[in-house]
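Report on one structure; see the data block that follows.
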Amino acid sequence: MEAVKQILKAEGTSVEEMEVNEPYSYDGGTAYNDLVIEKVRENVLSVEQYYKKRMDRMSDPEVRFDVSDPENWKPIEYSQAHPPVRTRDEDGIDISDFLRTWDKILKIQFPAEKVVEGGENLQ
């Protein structure tokens with residue numbers, strides 16, 4: 001997830017330096033779902049795009065990575081709210097095609113040099 005690594009670098013941090021429960025949140029404006037990058041456990045990073053429906057946060061999607069090797073993030077959980085999907089395996093899940101596509105999309109929707117400036121991330 002080069003897009004996420006670039007955002008963290010632009011924020012002046014890295015997955016190794018992040019504290020547990022330290023979120024980085026970005027407003028997608030009216031065009032995109034919001035983005036949150038958060039270290040949820042010592043070696044687990046959550047990358048989530050979401051929207052709100054009736055005050056509920058709806059993941060669209062969320063992927064959790066084992067980041068014990070900061071150079072090789074291993075996806076261990078994938079979930080989305082609608083339709084409801086959740087896949088988890090501590091040994092890793094094979095969603096490499098999806099991650100390649102999502103990485104490209106995140107680079108367009110949330111370019112690192114713009115998201116750290118704040119505001120909406122509209123094209």
Side-chain angles (χ1 to χ4, degrees):
M1 294 294 296
E2 285 304 312
V4 175
K5 290 178 182 178
Q6 290 171 3
I7 290 170
L8 292 176
K9 183 177 180 181
E11 290 284 6
T13 192
S14 67
V15 71
E16 302 98 322
E17 296 168 339
M18 289 176 71
E19 298 291 329
V20 173
N21 297 324
E22 178 182 359
Y24 288 88
S25 300
Y26 306 97
D27 184 349
T30 57
Y32 309 122
N33 291 335
D34 293 346
L35 174 67
V36 176
I37 304 164
E38 181 177 3
K39 196 170 197 178
V40 294
R41 290 196 313 263
E42 185 56 40
N43 288 316
V44 178
L45 184 77
S46 167
V47 179
E48 176 189 31
Q49 280 195 277
Y50 72 92
Y51 61 94
K52 290 193 176 174
K53 183 176 181 181
R54 297 187 186 126
M55 302 299 290
D56 291 328
R57 187 163 149 164
M58 311 292 279
S59 297
D60 189 27
E62 177 185 20
V63 177
R64 291 186 176 201
F65 297 89
D66 176 335
V67 292
S68 53
D69 176 357
E71 299 302 316
N72 185 27
W73 297 7
K74 178 173 59 173
I76 57 172
E77 184 175 335
Y78 170 88
S79 61
Q80 71 180 38
H82 188 75
V85 174
R86 184 169 187 263
T87 303
R88 179 175 178 78
D89 187 336
E90 291 292 327
D91 294 328
I93 55 176
D94 183 12
I95 56 171
S96 55
D97 289 341
F98 167 77
L99 290 177
R100 268 192 298 280
T101 301
W102 195 28
D103 190 47
K104 290 176 189 176
I105 290 168
L106 289 178
K107 284 179 183 177
I108 293 167
Q109 293 178 353
F110 297 93
E113 65 277 2
K114 292 192 179 183
V115 296
V116 295
E117 295 171 5
E120 295 182 349
N121 308 312
L122 300 176
Q123 296 294 321

Query raised in the report: Donor-acceptor pair, Glu77 side chain versus Arg64 backbone, under 3.5 Å?
Result: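 Judged by distance alone, no pair lies under 3.5 Å.
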Report task. Please answer whether the main-chain N or O of Val44 pairs with a side-chain N or O of Asp66 as donor and acceptor at a distance below 3.5 Å. Result ->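 No; zero donor-acceptor contacts below 3.5 Å.
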Point-to-point distance, once rounded to the nearest 0.5 Å, from [atom1] of [X] to [atom2] of [Y]:
| X | Y | atom1 | atom2 | answer |
| --- | --- | --- | --- | --- |
| Lys53 | His82 | NZ | NE2 | 6.0 Å |
| Ser68 | Lys74 | OG | NZ | 6.5 Å |
| Asp60 | Gln80 | CG | CD | 6.0 Å |

Query raised in the report: Going by side-chain heavy atoms closer than 4.5 Å, which hydrophobic residues are tied to Val20, directly or by a chain of links?
Result: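 Answer for Val20: none, a lone residue.
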Treat each ILVMFWY residue as a node, draw an edge where side-chain heavy atoms are under 4.5 Å apart, and state whether [X] and [Y] are in one component.
| X | Y | answer |
| --- | --- | --- |
| Leu99 | Ile76 | no |
| Tyr24 | Val36 | no |
| Val47 | Ile95 | yes |
| Tyr78 | Met58 | no |
| Phe98 | Leu35 | yes |

Side-chain heavy atoms of [X] within contact of [Y], under 4.5 Å:
| X | Y | answer |
| --- | --- | --- |
| Tyr50 | Asn33 | no |
| Gln49 | Leu106 | yes |
| Phe65 | Val15 | no |

Query raised in the report: Do the side-chain N and O atoms of Asp89 and Thr87 include a donor-acceptor pair separated by under 3.5 angstrom?
Result: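 No, no side-chain donor-acceptor contact under 3.5 Å.
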Query - Asp97 bridged to Arg100 by N-O distance under 4.0 Å - result: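 A salt bridge is present here (some side-chain N lies under 4.0 Å from a carboxylate O).
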**Report entry** Among Glu62, Lys39, Glu38, Arg41, side-chain hydrogen bond (donor to acceptor under 3.5 Å, both in side chains) partner for Ser46
**Finding:**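 Looking at Glu62, Lys39, Glu38, Arg41, the match for Ser46 under the side-chain hydrogen bond (donor to acceptor under 3.5 Å, both in side chains) is Glu62.
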Query raised in the report: How are the rings of Phe110 and Tyr32 set relative to one another: parallel (under 30°), tilted (30 to 60°) or perpendicular (over 60°)?
Result: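 Tilted.
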Requested in this report: Count the heavy atoms belonging to other residues, nucleotides or ligands that lie under 6.0 Å from CD of Glu19, then report whether that count exceeds 12.
Outcome: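 Open.
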Side-chain donor-acceptor pairs of residues 1-13 under 3.5 Å, sequence neighbours excluded:
from  : atom 1 : to    : atom 2 : distance (Å)
Glu11 : OE2    : Tyr26 : OH     : 2.7

